[in-house]
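Note that the structure is predicted; figures quoted are calculated from it, not measured. Quick note: residue numbers are just sequence positions, from 1.
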Amino acid sequence: ALGAWGWITRSALLCALLVSLSFGTELTWAQTRQNKSALFDGVKQIELFLARPTEIRNVEGAKVPVKVYRMYAHMQYIETKLMPRIQRNISAYMEANKAQIEAESNDLKAMYLEGKELSFRYKLMESPSFVINGTAVFDHTNDLHEALRAYQQHYRGR
């Protein structure tokens, strides 16, 4: 009989403990909700600035509207939305103007190759460089008059 009373007592104590824990948890949840609400006391404006895509927590239940500035969004838009459209349009333009583009490209390529060969022959190390009469080299200037004055000064009569 004493064993049965022991089980009954233990069960009663266990039930009382569970009820008190449940009540304590409910009280804690209520306090947490109240504390979260108190976080917004006196808050009138919230702004969030993001430099890159970032997961933000607890914005949905905010008591004050949160204005988000996605600083990265414009570049992301250009890279993911705009550039693919531009590339498609460039491809269409190139196809429509293929002959003109090839002619201009060939002219520029020929000029480059001739300039490369001559710069090697004249042993040019810097640019811009003026070569006058195939012998005088004047680099670090982009002013023809300056190069001609130097030529007249150093190479006159040679």
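Linking Ile, Leu, Val, Met, Phe, Trp and Tyr residues whenever their side-chain heavy atoms come within less than 4.5 Å places I90 and I101 in a single cluster. In the hydrophobic cluster analysis, where Ile, Leu, Val, Met, Phe, Trp and Tyr join through side-chain heavy atoms closer than 4.5 angstrom, L113 is grouped apart from L118. No single ILVMFWY cluster, assembled from side-chain heavy atoms under 4.5 Å apart, contains both M71 and I78.
Judged by distance alone, the side chain of T54 and the main-chain N or O of R52 form a donor-acceptor pair under 3.5 Å.
Counting heavy atoms from C-beta outward, R70 and P53 have side chains that stay 4.5 Å or more apart. V68 has its side chain out of reach of I56: every pair of non-hydrogen atoms, C-beta onward, lies at least 4.5 Å apart.
Listed by chain and number, the residues in a side-chain contact (heavy atoms from CB on, under 4.5 Å) with E146 are T141, D143, R149 (sequence neighbours excluded).
Within a 6.0 Å sphere centred on CD of E47, heavy atoms belonging to other residues, nucleotides or ligands number more than 12.
Taking CG from L82 and CD from Q87, the interatomic distance works out to 10.0 Å, rounded to the nearest 0.5 Å. In this structure, NZ on K116 lies 13.5 Å from CE on M111, to the nearest 0.5 angstrom. To the nearest 0.5 Å, atom NZ of residue K123 and atom OG of residue S129 are 14.0 Å apart. Between atom CD of residue E95 and atom OG of residue S91 there is a gap of 9.0 Å, rounded to the nearest 0.5 Å.
For residues 50-101, the ring pair (Phe, Tyr, Trp, His ring centres under 6.0 Å) pairs, not counting sequence neighbours, are F49-Y69. Sorted by first and then second residue, the ring pair (Phe, Tyr, Trp, His ring centres under 6.0 Å) pairs with a member in residues 108-131 form an empty list; sequence neighbours excluded.
Here the shortest heavy-atom pairing between M83 and E79 reads CB-O, 4.0 Å.
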